[in-house]
K.L.:
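The structure's right below; bear with me while I get my questions together.
Quick note: residue numbers are just sequence positions, from 1. Only this structure's heavy atoms are used, side chains among them; waters, hydrogens and symmetry mates stay out.
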Amino acid sequence: MAVAIPLGLGVAIFLTEYRQPNWLAKGTDTAIDLIFVVPSVVFALFGLAIFSQGWLSWLSNPVGDAGMATAQSFFCASLMMALIGLPPVVRSSQAAILGVPNQQREASYALGIPKWRTIASIVLPTALSGIVTGVMLAVARVMGESAPVLILVGSTRAINNNPFEGNQQSLPLMMVQQYNNVSDAFDQVWGAALTLVILVAVVYFGAKLVSKLFAP
């Protein structure tokens, strides 16, 4: 989310406030729509290609036969999950920014305030509630993904504190593993599912609180 939120917000500002050149705006719009509908396993395979043998292979941990890089890095998986969470941030922020009345922008310009400061001081605070909603949707979507972790990292039974080397664990991946490999682990599966729901609920109510505290 540290990657998806600023990147998505920047894309939304570009699509609503600038859109120059027009061909770049249209291409960005199309790319966001495509990212929205692509399954997460495709992102995982795409990440495996660029991180294991592509121009970003230096980010992966070389392991395996003949030293072939297999992109076993949670950092690589995080970048792919940032792409998965990007469209909700962009679309919700875009809709919220478009909902800001033009009279507020015109009043700011009339006072001689530059455009970038108008966006930062007037547009974004007014659209904060919609932006927070997009962030909440992105977090909820990313928290339930297991394909990037499974394909780009591999699983482990312990939390790995090094994001650049070794396998990693996540709640959705642990649920899949326990369900498939352990016949009497349904209590753990349901416990992990409840934990995931609680985390999403915490994010949801936290986002609502933030939007109420900071919105004008």
K.L.:
So I119 and I97, side-chain contact (heavy atoms from CB on, under 4.5 Å) or not? Walk me through it.
P.N.:
CA-CA 9 Å; I119 295 173; I97 293 173; over 6 Å; no

K.L.:
Do you know the tightest heavy-atom contact between P87 and L83?
P.N.:
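Scanning both residues completely, I find the closest heavy atoms to be CD-O, 3.3 Å.
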
K.L.:
Can you name the side chain to side chain contact (heavy atoms under 4.5 Å, CB included) partners of T195, sequence neighbours left out?
P.N.:
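Here the qualifying residues are L171, L199.
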
K.L.:
Answer yes or no: is there a side-chain heavy-atom contact under 4.5 Å between S121 and I113?
P.N.:
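They are not in contact (no side-chain heavy atoms under 4.5 Å apart), so the answer is no.
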
K.L.:
Answer with yes or no whether the hydrophobic clustering places Y18 together with V123; edges join I, L, V, M, F, W, Y residues whose side-chain heavy atoms lie under 4.5 Å apart.
P.N.:
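Same cluster.
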
K.L.:
Do you know which two heavy atoms are closest between L48 and L152, and how far apart they sit?
P.N.:
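Shortest heavy-atom contact: N-CD2, 3.3 Å.
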
K.L.:
Mind checking whether L98 and V132 sit in one hydrophobic cluster, side chains of I, L, V, M, F, W, Y counted as touching below 4.5 Å?
P.N.:
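As far as the 4.5 Å side-chain criterion goes, V132 and L98 are not connected within one cluster.
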
K.L.:
Once rounded to the nearest 0.5 Å, what's the spacing between atom CG of L45 and atom CD1 of I50?
P.N.:
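It comes to 11.5 Å.
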
K.L.:
Rounded at 0.5 Å granularity, tell me how far OH in Y109 sits from CG in N102.
P.N.:
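CG of N102 is found 8.5 Å from OH of Y109.
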
K.L.:
Linking I/L/V/M/F/W/Y whenever their side-chain heavy atoms sit closer than 4.5 Å, directly or via other members, would F74 and V3 fall into one cluster?
P.N.:
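Same hydrophobic cluster.
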
K.L.:
Within this structure, what is the CH2-CG distance for the pair W190 and L194, rounded to the nearest 0.5 Å?
P.N.:
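So the CH2 of W190 and the CG of L194 are separated by 10.0 Å.
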
K.L.:
Atom CG in L9, atom CD1 in I131: separation rounded to 0.5 Å?
P.N.:
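Output value for this atom pair is 5.0 Å.
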
K.L.:
Do V38 and L137 belong together in a cluster built from hydrophobic side chains that touch within less than 4.5 Å?
P.N.:
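Cluster IDs for V38 and L137 differ.
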
K.L.:
Ignoring hydrogens and geometry, is there a side-chain-to-backbone donor-acceptor pair from S108 to Q104 under 3.5 Å?
P.N.:
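The answer is no, because no donor-acceptor pair under 3.5 Å joins these two groups.
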
K.L.:
In terms of heavy-atom contacts, does NZ of K115 have more than 12 from other residues, nucleotides or ligands at under 6.0 Å?
P.N.:
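Atom NZ in K115 is crowded, with more than 12 foreign heavy atoms closer than 6.0 Å.
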
K.L.:
What heavy-atom pair brings L196 and M143 nearest, and what distance separates the two atoms?
P.N.:
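It is CD1-O, 3.7 Å.
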
K.L.:
Measure across G130 and A96 and return the closest heavy-atom pair with its distance rounded to 0.1 Å.
P.N.:
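Looking at all heavy atoms of both residues, the shortest contact is CA-CB, 3.7 Å.
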
K.L.:
Tell me the closest heavy-atom pair linking A193 and M175, and the distance in Å.
P.N.:
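Scanning both residues completely, I find the closest heavy atoms to be CB-CE, 3.7 Å.
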
K.L.:
Could you state whether V37 and F46 fall into the same hydrophobic cluster, counting links through intermediate Ile, Leu, Val, Met, Phe, Trp or Tyr residues with side-chain heavy atoms under 4.5 angstrom apart?
P.N.:
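V37 and F46: separate clusters.
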
K.L.:
Evaluate M136 against T133 for side-chain contact (heavy atoms from CB on, under 4.5 Å), listing each step before the verdict.
P.N.:
CA-CA 5 Å; M136 177 186 64; T133 300; 4.1 Å; yes

K.L.:
Working to the nearest 0.5 Å, report the span between CG of L86 and CE of M1.
P.N.:
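L86 atom CG to M1 atom CE measures 9.0 Å (nearest 0.5 Å).
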
K.L.:
Please assess R91 against F36 for the test side-chain contact (heavy atoms from CB on, under 4.5 Å), listing each intermediate value before the final yes or no.
P.N.:
CA-CA 10 Å; R91 290 307 183 208; F36 223 138; 3.9 Å; yes

K.L.:
Where is the tightest heavy-atom contact between A147 and S40, given as atom of each residue plus distance?
P.N.:
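So the minimum-distance heavy-atom pair works out to CB-OG, 3.9 Å.
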
K.L.:
Restricting to salt bridge (charged side-chain N to carboxylate O under 4.0 Å, His left out), what partner residues turn up for E17, sequence neighbours left out?
P.N.:
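Applying salt bridge (charged side-chain N to carboxylate O under 4.0 Å, His left out) to E17 gives R105.
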
K.L.:
So, do T28 and R19 sit near enough that their side-chain heavy atoms are less than 4.5 Å apart?
P.N.:
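Side chain of T28 against side chain of R19, heavy atoms only: no contact under 4.5 Å found.
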
K.L.:
Would you say that I35 contacts F43 through its side chain, given a criterion of any heavy-atom pair below 4.5 Å between the two side chains?
P.N.:
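The answer is yes, as the side chains (C-beta and beyond) meet within the 4.5 Å cut-off.
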
K.L.:
Would you say F14 has more than 12 foreign heavy atoms packed within less than 6.0 Å of its CZ?
P.N.:
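Yes - once you tally the heavy atoms of other residues, nucleotides and ligands closer than 6.0 Å, there are more than 12.
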
